[in-house]
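Have a look at the structure below before the remarks.
Both backbone and side-chain heavy atoms feed into the values below; hydrogens, waters and symmetry mates do not.
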Amino acid sequence: MKCPFCGYEDTKVIDSRPTDEGGRIRRRRECQKCQKRFTTYEIVETTPLMVVKKDKSREAFDRNKVLNGLIKACEKRPVALETLDRAANEIEQMLQNQMEREVTSLHIGELVMQKLKDIDQVAYVRFASVYRQFGDVNTFMDELKTLLRDKG
């Protein structure tokens, strides 16, 4: 770290402590040449995850949209909010771990459906019917048959 007073590039860390609930680290440093002290803050650099929608437009990933979709699918179902919150966190973590800076909305929808299939099958069918835009009863029945076959 370069000294802001004399420009010397060799400094020593005297004290480190987390701030902002662990989001940043405050470091107290001392220049090895002029002995002046100064403070720096270290943060994790994150690149925003962008979602490519069906119409090819892009927007920043919003975890709350995923959570709201899960909540809507599980409306009036015996599913705890903590379960849905955990699922939204897991989906976000899976997307971050892929190291891709752009992800399609279709991929996110598939991840949501995978989670819902394990959480609540009625919620899964609700979400799938809207997400996959079932055009008729036969398409809906095909999805139910697949769900029953996979379960058994």
- prompt: Taking it one step at a time, do Arg26 and Asp15 satisfy side chain to side chain contact (heavy atoms under 4.5 Å, CB included)?
  reply: CA-CA 8 Å; Arg26 178 185 180 274; Asp15 181 43; 4.3 Å; yes

- prompt: Stepwise, does the side chain to side chain contact (heavy atoms under 4.5 Å, CB included) test hold for Lys117 with Asp150?
  reply: CA-CA 10 Å; Lys117 192 181 269 192; Asp150 291 348; 3.6 Å; yes

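One hydrophobic cluster holds both Val51 and Leu49 under the rule that ILVMFWY side chains link at heavy-atom gaps under 4.5 Å. Clustering ILVMFWY residues whenever any of their side-chain heavy atoms sit less than 4.5 angstrom apart, transitively, puts Ile91 in a cluster other than the one holding Met50. Note on Ile14: it does not cluster hydrophobically with Ile25, by side-chain heavy-atom contacts below 4.5 Å among ILVMFWY residues.
Note that CD of Gln35 and CZ of Phe5 are 12.5 Å apart. Values are rounded to the nearest 0.5 Å. Taking CD of Gln93 as the start and CG of Asn97 as the end, the distance is 4.5 Å to the nearest 0.5 Å. Rounding to the nearest 0.5 angstrom, the gap separating the CG atom in Leu84 from the CD1 atom in Ile119 is 5.5 Å. Asp10 CG to Gln32 CD: the interatomic distance, rounded to the nearest 0.5 Å, is 5.0 Å. Between the CD atom in Gln121 and the CZ atom in Arg77 there is a gap of 9.5 Å [rounded to 0.5 Å]. Interatomic distance, Arg86 CZ to Lys115 NZ, rounded to the nearest 0.5 Å: 9.5 Å.
Contact detail for Phe38 and Arg28: the closest heavy-atom pair is C-NH1, 3.1 Å. Taking all atoms of both residues into account, the shortest heavy-atom contact from Glu75 to Arg126 is O-NH1, 2.5 Å. Summarising the geometry of Phe127 relative to Gly69, their closest heavy-atom pair is CD1-O, 4.2 Å, with the distance given to 0.1 Å. Among all heavy-atom pairs drawn from Ala87 and Leu70, the shortest one is CB-CD1, 4.0 Å.
The closest side-chain heavy-atom distance from Lys54 to Leu106 is below 4.5 Å. Contact of the Glu90 side chain with the Leu111 side chain is not registered, since no non-hydrogen atoms from C-beta on lie closer than 4.5 Å. Leu81 is listed as a side-chain neighbour of Ile71, based on a closest heavy-atom distance under 4.5 Å. Side-chain contact between His107 and Val52: absent, with no pair of heavy atoms (C-beta onward) separated by less than 4.5 Å. Contact annotation: the side chain of Met1 never approaches that of Arg27 to less than 4.5 Å [non-hydrogen atoms, C-beta and beyond].
Checked against side chain to side chain contact (heavy atoms under 4.5 Å, CB included), Ala123 has the following partners two or more places apart in sequence or in another chain: Ala73, Cys74, Leu116, Asp120. In this view, Phe61 satisfies the ring-ring contact (aromatic ring centres under 6.0 Å, His included) rule with no residue, not counting sequence neighbours. Contacts of Arg37 classified as salt bridge (charged side-chain N to carboxylate O under 4.0 Å, His left out), with partners at least two apart in sequence or in another chain: Glu30.
By the 6.0 Å contact criterion, CZ on Arg17 is open, its count of non-hydrogen atoms from other residues, nucleotides or ligands being 12 or less.
The residue from Arg58, Lys56, Lys53 that alone fulfils the salt bridge (Lys or Arg N to Asp or Glu O under 4.0 Å) condition with Glu102 is Arg58. Considering Ile108, Leu95, Asn89 in turn, Ile108 is the only one that fulfils the side-chain contact (heavy atoms from CB on, under 4.5 Å) rule with Val66.
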